[in-house]
Amino acid sequence: MSLNTEQGMDEAQERKHRLNMHRMKNALFQVLCEIKEKSALSQRNPPEDDPPDPQQLRLDRMLESEGVIGNDADAQLEGQLAASGDNTAEHGDYRAKLNQIRSIYHAELEKYNNACQEFTQHVQNLLREQSRTRPISQREIQRTITIISRRFNQIQLQLKQSTCEAVMILRSRFLDARRKRRNFSKQATEVLNEYFYSHLSNPYPSEEAKEELARKCGITVSQVSNWFGNKRIRYKKNIGKFQEEANLYAAKNAQAVCQTGANGSSMGYDTFDNS
DNA sequence: GTCAATGATTTGAT
DNA sequence: ATCAAATCATTGAC
């Protein structure tokens, strides 16, 4: 039968025709892509500026300094706690909570990254698929991907922000000195009161005096400043209430003066000048 | 539980 | 920067 050969001829012609169409289509798509590209460029953001977001950097720095990010978080945390002058009692609790925040952060981050990657891949495949039936340039795909990753970056930023917030709250809850105040030792209070009542007319220790007192009491200079600030205002507010205390330290001082002999012209107790 | 004492912080003035 | 004053948040006695 000649049907077969006829059919073969037809098929060959058909293939040729399709090939031609394909070439034409590709050429047409390319032109369309160029037009699209030009109109897109002219109508909106020509420069694809992507400067490192200052807020992003700020959050990164903060998280790193809080020991959420970074490989040496534990050592850093120890350093922090040592510097804060807190010992062993609430370390565990604080560290556990911080670790919790850290692991949540990393889990979320990984989740986002995976989702981003997955979504990007998906869109990329989709666009490649579609580029066979409508004009989509490689450049356009790339741009779409950039937009997606930027969008996910914003989500990451939010994650970092909320993590920062959580850390700050934890910090204020555990490291705020007000929340774990300890009264000074009896001896420390003794030393401070001694100085205060023997300088009642001018209870303002100099920087050196503060350092000396801090050393003697085993507290910091700012704690000495705090103490004198509090003491002055509270004494002034109610001198009567402190009279007993004043007498006590006056007697103590008198005893000291007697024991050390009569050379203490500057050792006498002043009276508070409240004018 | 209340409540005064007390150390720390905040605010505003100098 | 330092101080007074008001205020906060905990401690410790009751």
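Note on naming: letters A, B, ... go to the chains in the order of the sequence lines (proteins, then strands), and numbering restarts at 1 for each one. Computed over heavy atoms, backbone and side chain alike; hydrogens, waters and symmetry mates excluded.
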Enquirer: Give the rounded distance in Å between these two atoms: CZ of A/Arg232 and P of C/dA6.
Expert: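 Checked: the CZ to P distance equals 15 Å.
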Enquirer: Considering only heavy atoms, which members of residues 217-226 of chain A lie under 4.0 Å from some atom of DNA chain B?
Expert: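 When residues 217-226 of chain A is checked for heavy atoms under 4.0 Å from DNA chain B, the hits, listed by number, are A/Gln223, A/Asn226.
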Enquirer: For A/Leu192 and B/dA8, what is the distance between atoms CG and P respectively, to the nearest whole Å?
Expert: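 From A/Leu192 CG to B/dA8 P: 11 Å.
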Enquirer: From the options C/dA4, C/dT2, B/dG7, select the nucleotide whose nearest atom is closest to the side chain of A/Trp227.
Expert: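 The closest nucleotide is B/dG7.
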Enquirer: Nearest whole angstrom, please: distance from the C1' of B/dT6 to the NZ of A/Lys241.
Expert: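 Atom-to-atom, A/Lys241 to B/dT6, this comes out as 10 Å.
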Enquirer: Is there a side-chain contact between A/Lys236 and the phosphate of C/dA6, meaning an N or O under 4.0 Å from OP1 or OP2?
Expert: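 No, because none of the side-chain N or O atoms of A/Lys236 sits under 4.0 Å from OP1 or OP2 of C/dA6.
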Enquirer: Could I get the full list of salt bridge (charged side-chain N to carboxylate O under 4.0 Å, His left out) partners for A/Arg128, not counting sequence neighbours?
Expert: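 In terms of salt bridge (charged side-chain N to carboxylate O under 4.0 Å, His left out), with neighbours along the sequence ignored, A/Arg128 is linked to no residue.
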Enquirer: Need one value for A/Lys231: base, sugar-phosphate or nothing, where a base atom within 4.0 Å counts as base even if backbone is also close, heavy atoms only.
Expert: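 Nothing: the residue A/Lys231, judged by heavy atoms under 4.0 Å, touches no strand.
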Enquirer: Tell me: CG of A/Asn230 to C1' of C/dA9, nearest whole Å?
Expert: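 Between C1' of C/dA9 and CG of A/Asn230: 13 Å.
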Enquirer: Using side-chain heavy atoms (C-beta onward) and a distance below 4.5 Å, is A/Arg102 in contact with A/His106?
Expert: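 The answer is yes; the side chains approach within 4.5 Å.
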Enquirer: If I take atom CG in residue A/Asn238 and atom P in nucleotide C/dA6, what distance separates them, rounded to the nearest angstrom?
Expert: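 In whole Å, C/dA6 P lies 14 Å from A/Asn238 CG.
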Enquirer: In whole angstrom, what separates A/Phe228's CZ from B/dG7's P?
Expert: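 After rounding, the gap between these two atoms is 12 Å.
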Enquirer: Considering heavy-atom distances to DNA chain C, does A/Glu207 or A/Ile233 have its closest nucleotide positioned more toward the 5' end?
Expert: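 Final value for this comparison: A/Glu207.
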Enquirer: Any side-chain N or O of A/Arg234 less than 4.0 Å from the OP1 or OP2 oxygen of B/dA5?
Expert: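 Checking B/dA5 against A/Arg234, no side-chain N or O comes under 4.0 Å of OP1 or OP2.
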Enquirer: Does a sphere of radius 6.0 Å around CD in A/Glu118 hold more than 12 heavy atoms from other residues, nucleotides or ligands, not counting ones at 6.0 Å or beyond?
Expert: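 Not buried by this count: 12 neighbours or fewer within 6.0 Å.
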Enquirer: OP1 or OP2 of C/dT11 versus the side-chain N and O atoms of A/Arg182: is any pair under 4.0 Å?
Expert: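 So the side-chain polar atoms of A/Arg182 do come within 4.0 Å of the phosphate oxygens OP1 or OP2 of C/dT11, strictly under.
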Enquirer: Send over the distance from A/Glu245 CD to B/dT6 C1', rounded to a whole Å.
Expert: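 The distance from CD of A/Glu245 to C1' of B/dT6 comes to 12 Å, rounded to the nearest Å.
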Enquirer: Got a donor-acceptor pair under 3.5 Å from the side chain of A/Asn183 to the base of B/dA5?
Expert: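 Result: no qualifying N/O pair found.
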Enquirer: Does a sphere of radius 6.0 Å around CD in A/Gln117 hold more than 12 heavy atoms from other residues, nucleotides or ligands, not counting ones at 6.0 Å or beyond?
Expert: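 No - once you tally the heavy atoms of other residues, nucleotides and ligands closer than 6.0 Å, there are 12 at most.
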Enquirer: Mark yes when over 12 heavy atoms from residues, nucleotides or ligands other than A/Lys231 sit less than 6.0 Å from its NZ; otherwise mark no.
Expert: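 Yes, the 6.0 Å shell around NZ holds more than 12 heavy atoms from other groups.
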Enquirer: How about A/Glu244: does its CD atom have over 12 heavy atoms from other parts shown lying under 6.0 Å from it?
Expert: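 No - once you tally the heavy atoms of other residues, nucleotides and ligands closer than 6.0 Å, there are 12 at most.
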Enquirer: Is the shortest side-chain N/O distance from A/Lys237 to OP1 or OP2 of C/dA4 below 4.0 Å?
Expert: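 It does not, given that no N or O in the side chain of A/Lys237 lies less than 4.0 Å from OP1 or OP2 of C/dA4.
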Enquirer: List the steps and the verdict of ring pair (Phe, Tyr, Trp, His ring centres under 6.0 Å) for A/Tyr235 and A/Phe196.
Expert: CA-CA 10 Å; A/Tyr235 181 84; A/Phe196 180 77; 5.6 Å; yes
Enquirer: Which nucleotide, B/dT9, C/dT11, C/dA4, lies nearest any side-chain atom of A/Arg181?
Expert: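 Taking heavy atoms from C-beta onward, the closest nucleotide is C/dT11.
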